[in-house]
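Taking it in order: structure first as structure tokens, then the write-up.
Both ligands and their constituent atoms are indexed starting at 1 by order of listing.
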Amino acid sequence: MQEYDLFVIGGGSGGVRAARMAAQRGARVALAEEAALGGTCVNLGCIPKKLYSYAAHYGEAFEEAHGYGFSSEAPSFDWATLKRNRAIEIMRLNGVYEKLLAGAGVQLLRGRARLADAHTVEVAGERVRARNILVASGGAPHPPEFPGHELAISSNEMFDLEPFPRRLLVIGGGYIACEFASIFNGLGSRVTQLYRGAQVLRGFDDDVRAFVAAEMGKKGVDLRLNAQVASLQRGDGGLRARLGDGSALEVDAVLAATGRWPNAAGLGLQAAGVRLSERGAIAVDGEFRTSVPHICAIGDVIDRVQLTPVALAEAMVVVDRLFGSGGRTMDYENIPTAVFTHPNIGTVGLAEAQARERYGKLRIYRAEFKPLQHTLSGSSERTLMKLVVDDASDRVLGVHMVGSDAGEIVQGFAVALKAGATKAVFDSTIGIHPTAAEEFVTMREPVA
Ligand SMILES: Cc1cc2nc3c(=O)[nH]c(=O)nc-3n(C[C@H](O)[C@H](O)[C@H](O)COP(=O)(O)OP(=O)(O)OC[C@H]3O[C@@H](n4cnc5c(N)ncnc54)[C@H](O)[C@@H]3O)c2cc1C
């Protein structure tokens, strides 16, 4: 039987990174993938979503160009072209991943892997042995529970939806729900978004949540808070959703973006002695060891922070411990993130409410304005920028933005936060003029 130093289950963000890096350090590595290489991020997440977000922005750009002197016939949008071009690009990326693995000397096994015992993995009827096993099997959409929920689709099905939904109902208030609501609204759907809570995007700064909800509303998303679907059935003209308040809604498609759960079932983990959490995630220690120390797990399947760069960083910690010098650790503080709503959110560090709990007295700097671009575009879109500062130490604890390219802008500020920058350092930084980003270094008067 073939024996490996490391067997990786799952060829997504975390698994591919770990396999490549381990092989480059001289380990004998195999990786099993049952679907397309690249996992959720490449095939059904970050990349296709961002491409569709760009598409939705083009729709707006045609309108906005009028104020700059451009005119053209009313543009038309061809959903089939977008889907085809996306599929071609994703296939290219699948190929890039395959080449990267082959180039590093990783043995790729196509098929579903499961543990036969704590050192043996079975893939497509073939058994191999491994000194170490890394589970990077990701997560999957968690469906809602109302009657008729099976008529709803998940984000997985949105990318190839046929036909284009003229009327779309989005259920959920997390970042995936908000992004798809924005994207399909921008592409021309009439979007209703229902969220059972009082505000979307739980965990983000409250100012950001309220601001982006209002901006999405201005662009046409019919966002209904404290609202939920009671049941769903097929009607004459599409799908008929009965809402909790007794009203009804007729739509062409329903996206349930109601959370993602770890993909840990059916892998033979429990039989091998690997402990799972109550939510079905693989329980790991600070170095990503499970209850069976030579079996590790990273990424969405451990249900910590479900982001690609986090899975990549966790992979590097495991590889460093197994095949490097060790000592590398995972830091979950100050993880920057973007939400590709329209307009975008970019954020790093603590939300005001979290910072108040941890630090007490704060200084809050806040700017809200019409960006220069929209003085001529005719768009009513506004930008929000906010700094959360610890009053005692002057350290900047949180940088939050809603506006064009917020993710691009906040990535740079994430370095400053990581380096422990104070407000005084921000103040002594020269702005780049004229940009929206310069506001972050020119806000002088606290608003609270
Ligand atoms: C709609 C959407 C948008 C997102 N947008 C962003 C974003 O903008 N930015 C960001 O950072 N993150 C985003 N994410 C999250 C990001 O995609 C995940 O955090 C990331 O992919 C996790 O990587 P992973 O390696 O843990 O799992 P995955 O990338 O999900 O990879 C797991 C792989 O394991 C395979 N697999 C599972 N079980 C087996 C088995 N038994 N045998 C063989 N193969 C198996 C699966 O087929 C899959 O390919 C998004 C997610 C979604 C759903």
Inset, instruction - For N43 and L37, indicate whether the former's side chain and the latter's backbone hold a donor-acceptor pair under 3.5 Å. - result: yes

Inset, instruction - Please indicate whether any nitrogen or oxygen in L307 is less than 3.5 Å from any nitrogen or oxygen in ligand 1. - result: yes

Inset, instruction - Report the part of N43 (side chain from C-beta onward, or backbone N, CA, C, O) that has a heavy atom under 4.0 Å from ligand 1; answer both or neither where that applies. - result: neither

Inset, instruction - Assess whether side-chain hydrogen bond (donor to acceptor under 3.5 Å, both in side chains) is satisfied between E179 and S182, documenting all intermediate values. - result: CA-CA 5 Å; E179 290 180 333; S182 280; over 6 Å; no

Legend entry - atom 34 (O) of ligand 1: the protein heavy-atom neighbour that sits closest, reported with distance to 0.1 Å: G10 CA, 3.2 Å

Inset, instruction - Would you mind listing which atoms of ligand 1 come within a distance below 4.0 Å of any non-hydrogen atom of P309? - result: 11 (O)

Legend entry - Where ligand 1 meets G138 - atom numbers and elements under 4.0 angstrom, heavy-atom basis: 26 (O), 27 (O), 30 (O), 32 (C)

Inset, instruction - Provide, to 0.1 Å, the distance between atom 29 (O) of ligand 1 and the closest protein heavy atom, together with that atom's residue and name. - result: T40 N, 3.1 Å

Legend entry - Geometric N/O contact G299 with ligand 1, under 3.5 angstrom: no

Inset, instruction - Starting from atom 31 (O) of ligand 1, find the nearest protein heavy-atom neighbour and note its residue, name and distance. - result: G12 CA, 3.3 Å

Legend entry - Options I176, D300, I302, ranked by nearest heavy atom to atom 18 (C) of ligand 1, top entry: D300

Inset, instruction - Assess whether atom CD1 of I88 is packed by more than 12 heavy atoms of other residues, nucleotides or ligands within 6.0 Å. - result: yes

Inset, instruction - Assess K50 for proximity to ligand 1: is some non-hydrogen atom of it under 4.0 Å away? - result: no

Inset, instruction - Could you give me the CA-CA distance, side-chain angles and deciding distance for F159 and K49, then say whether side chain to side chain contact (heavy atoms under 4.5 Å, CB included) is met? - result: CA-CA 8 Å; F159 297 107; K49 172 202 72 188; 4.2 Å; yes

Legend entry - Region of I9 that comes within reach of ligand 1 [heavy atoms, distance under 4.0 Å]: side chain

Inset, instruction - May I ask you to decide if S404's main-chain N or O and T383's side chain share a donor-acceptor pair within less than 3.5 Å? - result: no

Legend entry - Donor-acceptor contact below 3.5 Å, side chain N185 vs main chain K219: yes

Inset, instruction - Answer yes or no: is there a donor N or O on one side and an acceptor on the other, between the side chain of D285 and the main chain of R289, under 3.5 Å? - result: yes

Legend entry - Shortest protein contact, atom 39 (C) of ligand 1 (heavy atom only): E34 OE2, 3.5 Å

Inset, instruction - Considering only NZ, NE, NH1 and NH2 on the basic side and carboxylate oxygens on the acidic side, decide whether E3 and R131 come within less than 4.0 Å. - result: no

Legend entry - T308 side chain vs S13 backbone, donor-acceptor pair below 3.5 Å: no

Inset, instruction - Taking the six-membered ring for Trp and the full ring for Phe, Tyr or His, determine whether the centres of F77 and F164 are under 6.0 Å apart. - result: yes

Legend entry - Polar side-chain atom of R279 near backbone of W261 as donor-acceptor pair, under 3.5 Å: no

Inset, instruction - Compare every heavy atom of R321 with every heavy atom of C296, then report the nearest pair and how far apart it is. - result: SG-NH2, 3.4 Å

Inset, instruction - Number the atoms of ligand 1 from 1 as they appear, then name those within less than 4.0 Å of a heavy atom of G39, with their elements. - result: 29 (O), 31 (O), 48 (C), 49 (O)

Legend entry - Where P143 and H149 come nearest, the two heavy atoms and their spacing: CB-ND1, 4.2 Å

Inset, instruction - Using a 4.0 Å heavy-atom cut-off, say whether T308 meets ligand 1 through its side chain, its backbone, both or neither. - result: both

Legend entry - Proximity to ligand 1 by part of F159, non-hydrogen separation under 4.0 Å: neither

Legend entry - For ligand 1, the portion of R260 having any non-hydrogen atom under 4.0 Å away: side chain

Inset, instruction - State the atoms of ligand 1, each with its element, that fall below the 4.0 Å cut-off from a heavy-atom position in Y175. - result: 4 (C), 5 (N), 6 (C), 13 (C), 14 (N), 15 (C), 50 (C), 51 (C)

Inset, instruction - Can you figure out which of A32, S137, A113 has its heavy atom closest to atom 37 (C) of ligand 1? - result: S137

Legend entry - Side chains of E314 and Y332, donor plus acceptor under 3.5 Å: yes

Inset, instruction - Answer with yes or no whether G111 contacts ligand 1, where contact means a heavy atom under 4.0 Å from a ligand atom. - result: yes

Inset, instruction - Mark yes or no for whether D252, through its side chain, and R166, through its backbone, hold a donor-acceptor pair below 3.5 Å. - result: yes

Legend entry - Distance filter under 4.0 Å to C41 heavy atoms, resulting ligand 1 atoms: 17 (O), 21 (O)

Inset, instruction - Please write down residue, atom name and distance for the protein heavy atom closest to atom 13 (C) of ligand 1. - result: C46 SG, 3.3 Å

Inset, instruction - For ligand 1, indicate whether the residue K49 contacts it via side chain, backbone, both or neither (heavy-atom separation under 4.0 Å). - result: side chain

Inset, instruction - Kindly confirm or rule out an N or O of R112 lying under 3.5 angstrom from an N or O of ligand 1. - result: yes

Inset, instruction - Would you mind running through ligand 1 and noting each atom that sits below 4.0 Å from a heavy atom of G14? - result: 25 (O)

Inset, instruction - Could you say whether the N/O atoms of E33 and ligand 1 ever approach to under 3.5 Å? - result: yes

Legend entry - Nearest-contact summary for atom 1 (C) of ligand 1 - protein heavy atom, Å: L44 O, 3.6 Å

Legend entry - Residue G45 vicinity, atoms of ligand 1 by number, heavy atom under 4.0 Å: 1 (C), 2 (C), 3 (C), 4 (C), 52 (C)

Inset, instruction - Indicate the ring-plane relationship of H342 and H57, choosing parallel, tilted or perpendicular according to the 30° and 60° boundaries. - result: parallel

Inset, instruction - Considering the heavy atoms of A136, write down every atom of ligand 1 situated less than 4.0 Å from one of them. - result: 32 (C), 33 (C), 34 (O)

